[in-house]
2 protein chains.
Amino acid sequence: MEHRRADTIAEELEELIFSGVYADGDRLDEVRLAEHFGVSRTPLREALQRLALSGLVELIPRRGAFVRQPGPVELLEMFEVMAELEAVCARLAARRISDTALTELRAANESCQQAVEARDADAYYFENERFHSIIYQQSGNSFLAQEAAKLHKRLQPFRRQQLRFRGRMAQSMAEHEEIVRALENGAANPAAEALRNHVAVQGEKFHQLMASLKSAAE
Amino acid sequence: MEHRRADTIAEELEELIFSGVYADGDRLDEVRLAEHFGVSRTPLREALQRLALSGLVELIPRRGAFVRQPGPVELLEMFEVMAELEAVCARLAARRISDTALTELRAANESCQQAVEARDADAYYFENERFHSIIYQQSGNSFLAQEAAKLHKRLQPFRRQQLRFRGRMAQSMAEHEEIVRALENGAANPAAEALRNHVAVQGEKFHQLMASLKSAAE
DNA sequence: AGACCTATTCTTGTATACAAAAGTATTGAC
DNA sequence: GTCAATACTTTTGTATACAAGAATAGGTCT
């Protein structure tokens, strides 16, 4: 498997970084990565340029590409922005959401619930993403939906950790229920508040987790 | 002036697109651009990859790079998101803003006012950017500040147009005053509301402008 | 021994060469 | 004249080659 294939390199590399193969600060060796993907340095460098703007990778001239995993502070900030973006989505969606979308939302929530009962984490993540994605779409603002989806994806690996907390999954489902009810009633502010808290609590839980890890290390 | 220089190509190209040299849908010819910058296709293609993620350029495989200027609908959506982002910044900044930052804010506003009186559009844009940038920073969330600044920059060329409206500059200054007062009082919601409206009205004015241009063309 | 300078090696940045796909023009048939 | 098929041209995608900066190791002087 030598050459004649690329185009998906950026995505594959992104996946590699997301999945935690590389730690923060790791240098990405061009020749090694090129070998790994079975391509030359040219397309690999193009992929790195792509990744640079999304913040996953920092390109230092004449030095190389370094993995840039967000630290605890930056993560909290990102969760805060996510909470606000979702709140806006909810506020707009409360007025604009269609009946079919509401049906889909209930279906996604149902599937979510089943995943919780079956303790199927993968299915839960999938359905949870669907749930949130529907709300983004129904904001009626496709630019907003796009930005929200982008950040959601970026935070996905960190959301995983905060579900370790006992009872968090059940609480999360209750919050989903509340969100759906608010959207059904077309209640803009309650929907926004519910979604903001739903996401913000994830950031807080994450913070708690980090703090507990840190104090345990001391 | 042949080779040995790049690194800034992405920025220069971005500037070229921003300044309106290329229209929506224009194809960016790699060899021509490479010649124009005095480099080979390799670094130029890397620059294009960079620009692709920010949405300025669409890369269609085996077809080439096409300029992607947002249409009226997308612009309105972007202004809507900008308004919400700034509102969040204001809400957070109202609690966290420092005295020195408030002083700077007043200074920026003063300079803005002077630029209006001198009818110096360039100075106005510069000071206006400074004004908003301070609020982003004072949100205390650097990720948020970064995202807000990014979108602000992207919308900059379109803001220019809506200031043609008679009296808009003076109104804008009054809105700035109101924002500063709310921040001084630490009034989170009023500050958020004031800033949201301040930005949202820009989107509406822009919409009016587009509509008038369209009806004039018929 | 430690600091400094130099030679060597490694890695990035860029140009060029070539292959494959898309686009264009020319020819021929109806 | 229009359509289709084929040859030709243009342009993208990728590999490779080479140049220059950064890192490193080895040696020298104090």
Side-chain angles (χ1 to χ4, degrees), chain A residues 1-70, chain B residues 1-70:
Chain A
M1 53 341 214
E2 264 38 61
H3 44 132
R4 301 304 106 172
R5 47 80 88 225
D7 218 41
T8 55
I9 290 183
E11 282 84 346
E12 287 181 43
L13 189 49
E14 192 180 51
E15 207 54 48
L16 270 182
I17 296 174
F18 268 151
S19 65
V21 176
Y22 298 101
D24 184 55
D26 280 6
R27 183 170 141 275
L28 296 171
D29 191 272
E30 291 184 2
V31 291
R32 202 192 322 237
L33 274 177
E35 260 172 36
H36 175 262
F37 285 114
V39 296
S40 85
R41 277 175 56 224
T42 312
L44 188 114
R45 278 177 60 88
E46 292 188 357
L48 285 177
Q49 297 286 341
R50 265 194 155 165
L51 262 54
L53 212 69
S54 71
L56 272 173
V57 154
E58 189 176 7
L59 250 45
I60 304 179
R62 292 264 166 220
R63 284 287 164 80
F66 296 84
V67 176
R68 176 114 171 57
Q69 299 279 21
Chain B
M1 55 329 222
E2 265 38 60
H3 44 134
R4 299 306 105 172
R5 45 83 85 227
D7 220 40
T8 54
I9 290 184
E11 281 85 345
E12 288 181 42
L13 190 48
E14 193 180 52
E15 208 53 48
L16 271 182
I17 296 174
F18 268 152
S19 64
V21 176
Y22 298 100
D24 183 56
D26 279 6
R27 183 169 141 274
L28 296 171
D29 192 271
E30 290 183 2
V31 291
R32 205 196 315 241
L33 274 176
E35 260 171 37
H36 176 262
F37 285 113
V39 296
S40 83
R41 279 174 55 223
T42 312
L44 188 113
R45 278 176 61 88
E46 292 188 357
L48 285 177
Q49 298 284 342
R50 269 196 152 166
L51 262 53
L53 212 67
S54 71
L56 271 174
V57 154
E58 189 178 7
L59 251 45
I60 305 180
R62 293 266 168 216
R63 283 287 163 82
F66 297 83
V67 175
R68 177 115 170 58
Q69 299 280 21

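Comparing D:dA15, C:dT12, D:dT12 by their nearest atom to the side chain of A:Arg45 picks out C:dT12. Closest to the side chain of A:Pro43, out of D:dA15, C:dA15, C:dT12, is D:dA15. Listed nucleotides C:dT14, C:dG13, D:dT16 differ in distance to A:Ser40; the shortest reach to its side chain belongs to D:dT16.
Between the C1' atom of D:dT14 and the CZ atom of A:Phe37 lies a distance of 16 Å, rounded to the nearest Å. B:Arg62 has its CZ atom 18 Å from the P atom of D:dT10, to the nearest Å. With rounding to whole Å, A:Phe66 atom CZ is found 13 Å from D:dA22 atom P. Here C:dT11 presents its P atom at 6 Å from CG of A:Asp29, a figure rounded to the nearest Å. A straight line from CG of A:Leu59 to P of C:dG13 spans 7 Å, rounded to a whole angstrom. For the pair A:Arg41 CZ and D:dA15 C1', the interatomic distance rounds to 11 Å; values are reported in whole Å. For A:Leu48 and C:dT11, the CG to P distance is 15 Å, given to the nearest whole Å. The distance from atom CD1 of A:Ile60 to atom C1' of C:dG13 is 16 Å, rounded to the nearest whole Å.
Here the closest non-hydrogen pair linking A:Asp24 and A:Gln69 is OD1-N, 2.8 Å. Listed here is the closest heavy atom pair of A:Phe66 and A:Arg27: CE2-CB, 3.7 Å.
Atom CZ of B:Arg45 and atom CD of A:Glu46 lie 4.0 Å apart (nearest 0.5 Å). Between A:His36 atom NE2 and A:Leu28 atom CG the span is 12.0 Å, to the nearest 0.5 Å.
If you find the closest nucleotide of DNA chain D to A:Glu46 and to A:Pro61, the one lying nearer the 5' end belongs to A:Glu46. Each of A:Arg63 and B:Ala65 lies near DNA chain D, and the nucleotide nearest B:Ala65 is the one positioned closer to the 5' end.
Close to D:dT12, at under 4.0 Å from its OP1 or OP2, lies a side-chain N or O of B:Arg27. Dashed line: the shortest gap from a side-chain N or O of B:Thr42 to OP1 or OP2 of C:dT14 is not under 4.0 Å.
Across all strands shown, A:Arg32 has no heavy atoms under 4.0 Å from either base or sugar-phosphate atoms.
When each of A:Leu44, A:Val57, A:Leu59 is paired with A:Gln49, the side chain to side chain contact (heavy atoms under 4.5 Å, CB included) condition holds for A:Leu59 and for no other.
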